[in-house]
Asks: 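What follows is a single structure, and I will ask about it in a moment.
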Amino acid sequence: MSPLRGADDRLSGQALVLRDVTDRRAYEQRLQVANRVLRHNLRNDMNVVHGLAGRIAAGDADDPAAVAARIQSKVDGVVETSEKVREMTRMEPSSVDDAAPTELGTVAEEVATQFDGEGAATVECELSRAPAAVADESALATALSNLLENAVEHNECDEPWVRVDAERNGDRAWLRVVDDGPGLPEEEREVLRRETETPLKHSRGLGLWLASWSARAAGGELAVESSGPDGTTVRIEFPPADRG
């Protein structure tokens, strides 16, 4: 802010320069989370791999095949996490001008098909007609895919169950992912609410962060609607396609 003065040196107004740093702050947030994951999660996983490989090399493994399977599982997890880090650091912000009419149920059905029958999981769909203004359909698919992945992987029930709803009500349209898992830990919900991490309070992984950022890149907003010992409901909300 700078003062504007006339020839008589009397104050006649103020000149304001405003700069929108939203995108820069969001990118810094993604880098912060990526740094935490690469520094902590991947290091821990590779330490486990190193230890297991050492046991096989020393002939100290009672069941080398089982130890090798654990190594493979850890390596697969590291590759998957690395792909998520790459995806989120390359994510581009969307503009409302890019929004196009998109049927949320169609996107949900395509994504849910990839998870139905995975392991013992049952994925159901209740899809009403819900046309929404979506800026990036692939980003929406990424958000939904990560929500379903979390719901399936962290559910310890013998037969995990997940439902995807698409609805339209008045001036909003949304997708809901409902599961019967153990609920989302409070620290996870707090990190999403504050939209930042600290060394003592951070998300356990990348799934929720990637879902939240992808939903925003698609022009929507992600929120945890409810969570408890009987399950979690997460909503991605959009303006309707016909709002103009």
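Count residues from 1 along the sequence. Since the model is a prediction, treat every value here as computed from it, not as a measurement.
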Asks: Going only through I, L, V, M, F, W and Y residues with side-chain contacts under 4.5 Å, is there a path from V178 to V164?
Replies: no
Asks: My understanding is that only one of T232, T142, L208, V152 makes a side-chain contact (heavy atoms from CB on, under 4.5 Å) with L147; could you say which?
Replies: L208
Asks: Mind checking whether V78 and W209 sit in one hydrophobic cluster, side chains of I, L, V, M, F, W, Y counted as touching below 4.5 Å?
Replies: yes
Asks: How close do A132 and A173 get, counting heavy atoms only, and between which atoms?
Replies: CB-CB, 3.9 Å
Asks: To the nearest 0.5 Å, how far apart are CZ in R19 and CZ in R24?
Replies: 5.0 Å
Asks: Do R168 and S128 come within less than 4.5 Å of each other through their side chains, counting heavy atoms only?
Replies: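 Side chain of R168 against side chain of S128, heavy atoms only: no contact under 4.5 Å found.
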Asks: Going by the side-chain contact (heavy atoms from CB on, under 4.5 Å) test, name the single residue among V162, N155, T122, D230 that passes it with D180.
Replies: N155
Asks: Could you tell me whether the side chain of N150 reaches within less than 4.5 Å of the side chain of V177, counting heavy atoms only?
Replies: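 No, their side chains stay 4.5 Å or more apart.
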Asks: Please say whether more than 12 non-hydrogen atoms of neighbouring residues, nucleotides or ligands are located less than 6.0 Å from CZ in R25.
Replies: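 Counting neighbours around CZ of R25, 12 or fewer heavy atoms of other residues, nucleotides or ligands fall under 6.0 Å, so no.
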Asks: Take L104 and I236, measure what side-chain contact (heavy atoms from CB on, under 4.5 Å) needs, and give me the verdict at the end.
Replies: CA-CA 10 Å; L104 296 182; I236 305 177; over 6 Å; no
Asks: How long is the span from the CD1 atom in I71 to the CG atom in D76, to the nearest 0.5 Å?
Replies: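 If we round to the nearest 0.5 Å, I71:CD1 and D76:CG are 12.0 Å apart.
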Asks: Would the distance check show the side chain of E103 and the main-chain N or O of A130 forming a donor-acceptor pair, the cut-off being under 3.5 Å?
Replies: yes
Asks: Step by step, would you call V85 with L42 a side-chain contact (heavy atoms from CB on, under 4.5 Å)?
Replies: CA-CA 11 Å; V85 168; L42 296 190; 5.9 Å; no
Asks: How many angstroms lie between CZ in R55 and NE2 in H50, if you round to the nearest 0.5 Å?
Replies: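 Reported to 0.5 Å precision, the distance equals 14.0 Å.
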Asks: Kindly say whether A218 contributes a backbone atom to a donor-acceptor pair with the side chain of R216 at under 3.5 angstrom?
Replies: no
Asks: Between T81 (side chain only) and G77 (backbone N and O only), is there a donor and an acceptor less than 3.5 Å apart?
Replies: yes
Asks: Looking at side-chain heavy atoms only, is the closest gap between L148 and Q114 below 4.5 Å?
Replies: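 Not in contact.
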Asks: When rounded to the nearest 0.5 angstrom, what is the spacing between CG in L52 and CG in N47?
Replies: 11.0 Å
Asks: Could you tell me whether the side chain of T113 and the main chain of E109 form a donor-acceptor pair under 3.5 Å?
Replies: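 Looks like yes, one N/O pair under 3.5 Å.
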Asks: I need the minimum non-hydrogen distance between A143 and A215, along with the two atoms involved.
Replies: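 Closest approach of A143 to A215: CB-N, 3.7 Å.
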Asks: Of all heavy-atom pairs between A211 and N146, which one has the smallest distance, and what is that distance?
Replies: CB-CB, 4.1 Å
Asks: Are L31 and L210 in one and the same hydrophobic cluster, where Ile, Leu, Val, Met, Phe, Trp and Tyr link if side-chain heavy atoms are under 4.5 Å apart?
Replies: no
Asks: Under 6.0 Å from the CD atom of E186, do we count more than 12 heavy atoms belonging to anything else shown?
Replies: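 Enclosed: over 12 neighbouring heavy atoms sit under 6.0 Å from CD of E186.
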Asks: Keeping S212 on the side-chain end and L222 on the backbone end, is there a donor-acceptor pair under 3.5 Å?
Replies: no
Asks: Between atom CG of L18 and atom CE of M1, what is the distance when rounded to the nearest 0.5 Å?
Replies: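 Answer rounded to 0.5 Å: 9.0 Å.
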Asks: So do S2 and Q14 actually touch side chain to side chain, heavy atoms under 4.5 Å?
Replies: no
Asks: Work out which heavy atom in A135 is nearest to a heavy atom in A217; give both atom names and the distance.
Replies: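 Looks like CB-O, 4.1 Å.
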Asks: Would you find a donor on one side and an acceptor on the other, under 3.5 Å apart, between the side chain of D165 and the backbone of R176?
Replies: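 No: the side chain of D165 does not pair with the backbone of R176.
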Asks: Say whether, by atom type as modelled, one donor and one acceptor occur between the side chain of S145 and the main chain of A141 under 3.5 angstrom.
Replies: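 Side chain of S145 to backbone of A141, a donor-acceptor pair under 3.5 Å: no, none is there.
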Asks: Around atom CZ of R70, are there more than 12 heavy atoms of other residues, nucleotides or ligands at under 6.0 Å?
Replies: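 Atom CZ in R70 is not crowded, with 12 or fewer foreign heavy atoms closer than 6.0 Å.
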Asks: Carefully, step by step, assess D179 and H154 under the rule side-chain contact (heavy atoms from CB on, under 4.5 Å).
Replies: CA-CA 10 Å; D179 67 57; H154 298 295; over 6 Å; no
Asks: Please name the pair of heavy atoms, one in G170 and one in P240, separated by the smallest distance, quoted to 0.1 Å.
Replies: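 Here G170 and P240 meet closest at O-CG, 4.4 Å.
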Asks: Tell me, do R235 and R172 make a side-chain contact under 4.5 Å, heavy atoms counted?
Replies: no
Asks: State yes or no: do W174 and V123 share one hydrophobic cluster built from I, L, V, M, F, W and Y residues joined by side-chain heavy-atom distances below 4.5 Å, directly or via other members?
Replies: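 No; tracing contacts between hydrophobic side chains, which count when under 4.5 Å, never links both residues.
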Asks: Looking only at non-hydrogen atoms, find the nearest pair between L144 and V107 and report the distance.
Replies: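 Nearest pair, atom of L144 first, then V107: CD2-O, 4.4 Å.
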Asks: Say whether, by atom type as modelled, one donor and one acceptor occur between the side chain of T102 and the main chain of A100 under 3.5 angstrom.
Replies: yes
